[in-house]
Undergrad: 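The structure's right below; bear with me while I get my questions together.
Just the heavy atoms: all of them, side chains too, but no hydrogens, waters or symmetry mates, feed the values below. This structure is a prediction, so every number in the text was calculated from the model and none was measured.
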Amino acid sequence: LHTKNLKENLSKLSETKTLICITNSFSEDALTLLKFMGMLDVFSHVVAPGNKPQEIENHFYRYMNLYNATPETALSIGD
């Protein structure tokens, strides 16, 4: 699936926001794919494997705490 301008849009967003990638892929696979797509530097953190959906709430709270964010200021985009 091709998402038009995904790299450019996430790169622009990462200039002012902290982006975190949480994926169920194994770490090596996720990092390889993000490098291939030229998007590894877009994310401040890559969590792999993320053990979703079981661990997703823990991930959200961990990173909200790390960045002093509230649920009202956080955004999750999934597939």
Undergrad: Does one hydrophobic cluster hold both L19 and L33, with members joined at side-chain heavy-atom distances below 4.5 Å?
TA: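 They do share one cluster, since a chain of ILVMFWY contacts under 4.5 Å joins L19 to L33.
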Undergrad: In this structure, are over 12 heavy atoms from other groups packed under 6.0 Å from E8 atom CD?
TA: yes
Undergrad: Main chain of P49, side chain of N24: is a donor-acceptor contact present, judged purely on distance under 3.5 Å?
TA: no
Undergrad: Enumerate the side-chain hydrogen bond (donor to acceptor under 3.5 Å, both in side chains) contacts for residues 27-48, please, sequence neighbours excluded, ordered by first and then second residue.
TA: H45-Y67
Undergrad: Mind checking what makes side chain to side chain contact (heavy atoms under 4.5 Å, CB included) contact with K12, not counting sequence neighbours?
TA: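 Side chain to side chain contact (heavy atoms under 4.5 Å, CB included) check on K12 returns E15.
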Undergrad: So how far is it from C21 SG to I77 CD1, rounded to the nearest 0.5 Å?
TA: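 So the SG of C21 and the CD1 of I77 are separated by 11.5 Å.
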Undergrad: Quick one: do V46 and L66 end up in the same hydrophobic cluster if we chain Ile, Leu, Val, Met, Phe, Trp and Tyr together by side-chain heavy atoms under 4.5 Å apart?
TA: no
Undergrad: To the nearest 0.5 Å, how far apart are CG in L31 and CG in L40?
TA: 6.0 Å
Undergrad: Which residue pairs pass the ring pair (Phe, Tyr, Trp, His ring centres under 6.0 Å) test when at least one of the two sits in residues 22-44, sequence neighbours left out?
TA: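 Non-adjacent pairs meeting ring pair (Phe, Tyr, Trp, His ring centres under 6.0 Å): zero.
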Undergrad: Taking only residues two or more places apart in sequence, or in another chain, which ones meet N58 in a side chain to side chain donor-acceptor pair (under 3.5 Å)?
TA: E55
Undergrad: Do I20 and L13 share a hydrophobic cluster, counting only Ile, Leu, Val, Met, Phe, Trp and Tyr and linking them when any side-chain heavy atoms are less than 4.5 Å apart?
TA: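 Result: no, two separate clusters.
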Undergrad: To the nearest 0.5 Å, what is the distance between OG1 on T70 and CG on N65?
TA: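 One gets 11.0 Å once the value is rounded to the nearest 0.5 Å.
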Undergrad: In chain order, what residues pass the side chain to side chain contact (heavy atoms under 4.5 Å, CB included) check against A69, with sequence neighbours excluded?
TA: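 Residues passing side chain to side chain contact (heavy atoms under 4.5 Å, CB included) with A69: M64, T73.
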Undergrad: Name all residues meeting the side chain to side chain contact (heavy atoms under 4.5 Å, CB included) criterion together with S76; count only those two or more places apart in sequence or in a different chain, and write none if there are none.
TA: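 Partners of S76 by the side chain to side chain contact (heavy atoms under 4.5 Å, CB included) criterion, ordered by chain and then number, come out as F60.
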Undergrad: Check whether any side-chain heavy atom of V47 sits under 4.5 Å from a side-chain heavy atom of T23, and report yes or no.
TA: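 Answer no - side chains too far apart.
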Undergrad: Rounded at 0.5 Å granularity, tell me how far CE in M39 sits from CG in L10.
TA: 4.5 Å
Undergrad: According to side chain to side chain donor-acceptor pair (under 3.5 Å), who are the partners of T18, at least two apart in sequence or on a separate chain?
TA: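 Residues passing side chain to side chain donor-acceptor pair (under 3.5 Å) with T18: none at all.
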